[in-house]
Amino acid sequence: MTTTVAWWESKCTQLLKVGNQSSPCFVYDIPCLQETIQRIKTLQSADRAFYAMKACYNPEVLKAIYNSGLGFECVSPGELYEIHRLFPEIEADQILFTPNFVPKEEYILGYELASHVTVGNVRVLELWSDVFKQRDVILRIDPGHGRGHHKHVRTAGSASKFGIAPESLPLVQEICDLYDIRITGLHAHVGSGILTPDTWSSTAYALASIAEMFPYTTHLNVGGGFGVPEKPGSSPLDLHVLEESLQQFRKIHPQFELWIEPGRYLVAESGVLLTRVTQIKYKGDRCYIGVETGMNSLIRPALYGSNHRIFNLSSLHSPLNITADIVGPICETGDIIGHACQLPETSEGDFLLIATAGAYGRVMSSNYNMREPACEVVL
Ligand code: LLP
């Protein structure tokens with residue numbers, strides 16, 4: 001049983017109260033988040049962890065992460081400014097900026113607000129050499145094979161826009177020599193929602209072989225992508241095996257620091273989406289259960305076919321005797337939050353809980369159909 005089930009099951013009464021006041025809403029449980037942060041911190045092999053804040057930037061969530069001592073991985077000026085607004089005393093060394101296909105001004109800003117700036121395109125090093133000259137740069141490499149829960153989130157290989165292909169690296173060397181640019185780190189993030197624990201050590205070996213070309217390399221950033229189980233019966237990422245594989249790498253390459261950028265893993269299970277049942281409809285051989293909010297709050301099922309387990313919080317322990325599609329009020333057939341979900345007898349007014357919604361939930365929501373997405377409540 002996952003941590004998510006544990007925290008919200010024991011807070012069912014409190015959640016029903018929250019639902020009555022604020023539904024539809026994302027609810028985040030800070031104790032669960034703190035527990036997950038501690039789990040990531042058991043990875044002794046990772047010298048530094050930067051939270052990929054794109055996964056969830058609720059201020060209370062960010063505060064809990066900041067207080068735990070993790071750094072932040074930012075991808076836009078908005079994210080950089082938000083971190084400085086919330087934590088004015090933060091050291092720039094705690095911020096890693098990993099933009100892609102952005103204009104020159106964003107790199108300039110990156111060097112003002114973050115210590116670590118990642119570049120994933122050889123062309124910009126030359127085109128905007130005035131920005132990178134005599135500076136430390138982290139290179140984002142495309143190690144060739146993407147992984148992840150859906151093709152949209154596999155961020156390596158020829159079908160992906162990210163990273164510098166190994167064949168371009170001799171040119172990078174030339175440009176760096178010409179403009180006195182120091183490559184101090186190598187980065188690769190191969191994808192998101194990965195449950196195979198050897199992924200990050202494979203990335204580390206790939207980067208280590210490239211580091212021979214860049215003698216100032218002190219760290220290898222093996223990215224984020226640490227998955228959480230979504231489907232019933234799927235196993236969690238085995239952190240122990242992951243740790244062993246990275247420790248093995250460190251034995252062979254002790255000269256490098258290892259950095260990671262977890263997003264989803266830290267926040268997914270600490271967040272749920274609560275929404276009230278509006279209408280129930282039987283049509284053909286299907287049962288549709290309508291809820292107050294749909295793809296405008298949680299687009300992952302429509303965009304990636306993602307699975308979020310769904311429970312009837314109003315009758316949590318009743319037998320599961322109906323099979324239904326859970327749909328929102330958005331005018332699209334794709335507005336489905338759950339396909340063929342097993343639920344107990346359900347009535348209008350019941351609260352449904354959509355699990356594992358803390359990552360890429362609220363941050364990807366929209367006002368489509370001029371409907372406000374679910375708000376956020378922090379426990
Ligand atoms: N580092 C970089 C450079 C990234 O691009 C990402 C995510 C991360 C770290 C964090 O990845 P995570 O640990 O969260 O998997 N919206 C999609 C996920 C997109 C991930 C984008 N990049 C989803 O809902 O599954």
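Counting convention: from 1, in listed order, for ligands and their atoms alike.
A pairwise comparison of heavy atoms in Y360 and L298 identifies O-CD1, 4.4 Å as the closest pair.
Under a hydrophobic-cluster definition in which Ile, Leu, Val, Met, Phe, Trp and Tyr are linked whenever side-chain heavy atoms come within less than 4.5 Å, directly or via other members, Y57 and I83 are assigned to the same cluster.
Between the side chains of E269 and T356, no donor-acceptor pair is found at a separation under 3.5 Å.
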May I have the N/O to N/O pairs between ligand 1 and the protein that fall below 3.5 Å, each with atom names and distance to one decimal?
| residue | atom | partner | partner atom | Å |
| --- | --- | --- | --- | --- |
| ligand 1 | 1 (N) | E261 | OE1 | 2.6 |
| ligand 1 | 13 (O) | G225 | N | 2.8 |
| ligand 1 | 13 (O) | G263 | N | 2.9 |
| ligand 1 | 14 (O) | R264 | N | 2.7 |
| ligand 1 | 14 (O) | Y360 | OH | 2.6 |
| ligand 1 | 15 (O) | S192 | OG | 2.4 |
| ligand 1 | 15 (O) | G225 | N | 3.3 |
| ligand 1 | 16 (N) | Y304 | OH | 2.7 |
| ligand 1 | 24 (O) | R300 | NE | 2.6 |
| ligand 1 | 25 (O) | H149 | NE2 | 2.6 |
| ligand 1 | 25 (O) | R264 | NH1 | 3.3 |
| ligand 1 | 25 (O) | R264 | NH2 | 2.7 |
| ligand 1 | 25 (O) | R300 | NE | 3.4 |
| ligand 1 | 25 (O) | R300 | NH2 | 2.9 |

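Not a single donor-acceptor pair under 3.5 Å links the side chain of W8 to the backbone N or O of S270.
Between E261 and T98, some side-chain heavy-atom pair lies under the 4.5 Å cut-off.
The existence of a salt bridge linking K283 and D325 is excluded, since no basic side-chain nitrogen approaches an acidic carboxylate oxygen closer than 4.0 Å.
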